[in-house]
Amino acid sequence: MVKKNACVFISGQGSNLKNLIQRSRDVNFPINIKLIISDNKKAFGIIYAKKNSIPYSILNTKLRNYENKIFQILKKNKINFICLAGYMKIISKNFIKQFRKKIINIHPSLLPKFKGLNTFSRVLKNNEIKTGCTVHYVDEKLDNGPIINQKSFYINSDDNEVSLKLKTQKLEYQTFPEAIIKIFRNS
Ligand code: GRF
C-alpha cells in the first residue's frame, strides 16, 4: 500500500494528533504524518512533532498571506491529505477549493447538531440523551461537509462538561483513525 502524505493542523492540546501519529506507525494505516501545522506557538501538541521528529511549522495568522505560506509548505512536503485536529482557525474558501475532499475535521458533537464552539455546555442545556463525535469532509461552511464516521454514547444524569469532554475525546481516538481507514479502503 502506498501511504498518503498527511499534514495535521492543530491549535492546542494535540491529543488526536498524538493518537494519529501512533496509529500511522502501522504499515497498514493509510497515511503517514509528514508535517504538522499550528496556528499557535504555545500549542502543547507541538511536543508530539518534536518527540517524533516530524517537521512542523508555526504560522503567523496575523499576516495577510499566511495561507499562501501554508500552500508552499504543503507543496514542498508533497502533502496530499489534511487532518484538522482541534484547529481553531477558519480555512478560506479558496484553500478548501484547492484541497476539495482532501481535508477532514473532527468535531465533538453528533453533527449536524451543535456546530461551532462550546458544544458540551449546549448539549447539556438542551437535555440531549446522547452525544458523541463526528469526522467529516471540510466544505465552505463551518462543521458542515459530508459525514465520514460518527460515534455516540448515552449521557448520564451526573455528567457535566468535563466528563462529557473526556468521554467524547476517548471516542474521538477511535473515530478519527477509523474515518481515515474508511476513506482509503477502496483506493
Ligand atoms: C477535539 O475534541 C476535537 O473534536 C475538537 O477539538 C478538540 C481537539 O483536541 N475539534 P486535541 O487538541 O486533539 O486534544
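When a ligand or atom number is given, it counts from 1 through the structure's own listing order. Count residues from 1 along the sequence.
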Query raised in the report: Under 6.0 Å from the NZ atom of Lys115, do we count more than 12 heavy atoms belonging to anything else shown?
Result: yes

Query raised in the report: What is the closest protein heavy atom to atom 14 (O) of ligand 1, and at what distance does it sit?
Result: Ser15 OG, 2.5 Å

Query raised in the report: To the nearest 0.1 Å, how far is atom 12 (O) of ligand 1 from its closest protein heavy atom, and which atom is that?
Result: Gly14 N, 2.7 Å

Report summary line: Nearest non-hydrogen protein atom to atom 1 (C) of ligand 1, with distance, is Glu172 OE1, 3.2 Å

Query raised in the report: Is the number of heavy atoms from other residues, nucleotides or ligands under 6.0 Å of Lys34 NZ greater than 12?
Result: no

Query - Test item: side-chain donor near acceptor, Asn149 and Thr175, under 3.5 Å - result: no

Report task. Among all protein heavy atoms, pick the one closest to atom 10 (N) of ligand 1 and tell me residue, atom and distance. Result -> Ile106 O, 2.9 Å

Requested in this report: May I ask you to identify, for Lys165, whether its side chain, its backbone, both or neither come under 4.0 Å of ligand 1 on a heavy-atom basis?
Outcome: neither

Query raised in the report: What protein heavy atom sits nearest atom 9 (O) of ligand 1, and how far away is it?
Result: Gln169 NE2, 3.0 Å

Query raised in the report: Is His136 close to Asp143 at the side-chain level, that is, under 4.5 Å between some pair of heavy atoms?
Result: yes

Query raised in the report: Knowing that exactly one of Lys167, Lys165, Lys130 qualifies, which makes a salt bridge (charged side-chain N to carboxylate O under 4.0 Å, His left out) with Asp159?
Result: Lys167

Report summary line: atom 6 (O) of ligand 1 sits nearest the protein heavy atom Gly86 CA, 3.4 Å

Query raised in the report: How are the rings of Phe99 and Phe95 set to each other: parallel, tilted or perpendicular (split at 30° and 60°)?
Result: parallel

Requested in this report: Give a yes/no on ligand 1: does Gly45 have at least one heavy atom closer than 4.0 angstrom to it?
Outcome: no

